[in-house]
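Accompanying notes for the structure given below.
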Amino acid sequence: MEKLKILSVCLDLVSDECEIDQQAILSECKNEDVVDARHLLVKLMSECGLYPSTIALLIGCTSRNINAILSGFKARCDRRKLLRMNYERLRKHIGSIYLTEQ
């Protein structure tokens, strides 16, 4: 899957799952629900095979921020039950998309 398509698919899924506007997810909004959605987006894109530097370019932030999100994702999921549940659902959905494309 090409990079922009991965971004598009992941952003659509996260936006639908979290019920948050795509523009808000890509913005610098500090609202906790929006930040959780942004973290989900980064984690899913990483699991789709994109490097942190590529993710940073696609969503408009620094590689350092992406690395911090990825390294702290498990701890954030441990603190936020809804984030963990959303992540598990989205992970299964992303897996089914990859299986149908191959």
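Separating the CZ atom in Arg91 from the CG atom in Leu44 is a distance of 9.5 Å, to the nearest 0.5 Å. Atoms CD1 and NZ, on Ile94 and Lys92 in that order, are 14.0 Å from each other to the nearest 0.5 Å. How far CD1 of Ile59 is from CG of Leu26: 7.0 Å, rounded to the nearest 0.5 Å. To the nearest 0.5 angstrom, Ile66 atom CD1 is 12.5 Å from Lys43 atom NZ. A distance of 14.0 Å separates NE2 in His39 from CG in Asn86, rounded to the nearest 0.5 Å.
Residue Lys3 comes nearest to Leu58 through the heavy atom pair O-CD1, 3.9 Å, listed as atom of the first residue, atom of the second, then distance.
Take Arg64 and apply the side-chain contact (heavy atoms from CB on, under 4.5 Å) test, not counting sequence neighbours, and it matches Thr62. Among residues two or more places apart in sequence or in another chain, the side-chain contact (heavy atoms from CB on, under 4.5 Å) test is passed with Cys29 by Ser27, Asn31, Val34, Arg38.
Glu47 and Tyr87 share a donor-acceptor pair across their side chains, judged by distance under 3.5 Å alone.
Taking Ile, Leu, Val, Met, Phe, Trp and Tyr as members and joining any whose side-chain heavy atoms lie under 4.5 Å apart, directly or through other members, Val35 forms no hydrophobic cluster with any other residue. Grouped with Leu82 in one hydrophobic cluster are Met85, the linkage being side-chain heavy-atom contacts under 4.5 Å among Ile, Leu, Val, Met, Phe, Trp and Tyr residues.
Note on Leu70 and Leu57: separate hydrophobic clusters, where clusters join Ile, Leu, Val, Met, Phe, Trp and Tyr whose side-chain heavy atoms are under 4.5 Å apart, directly or indirectly.
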Intermediate values then yes/no, side chain to side chain contact (heavy atoms under 4.5 Å, CB included), Ile25 and Asp21: CA-CA 7 Å; Ile25 294 171; Asp21 183 63; over 6 Å; no

Would you please test Asp33 and Arg80 for salt bridge (charged side-chain N to carboxylate O under 4.0 Å, His left out) and show each step? CA-CA 10 Å; Asp33 292 332; Arg80 310 255 312 147; 3.5 Å; yes

Only distances under 3.5 Å count here; give the side-chain donor-acceptor pairs of residues 7-16 to other protein atoms, sequence neighbours excluded, each with its distance to 0.1 Å.
residue : atom : partner : partner atom : Å
Asp12   : OD1  : Gln22   : NE2          : 2.5
Ser15   : OG   : Ile20   : O            : 2.6

Can you give each donor-acceptor pair under 3.5 Å made by side-chain atoms of residues 48-56, sequence neighbours left out, with the distance rounded to 0.1 Å?
none

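Of the possible donor and acceptor atoms, none in the side chain of Asn65 sits under 3.5 Å from a partner among the backbone N and O of Cys61.
Using a 4.5 Å heavy-atom cutoff, the side chains of Leu40 and Phe73 are in contact.
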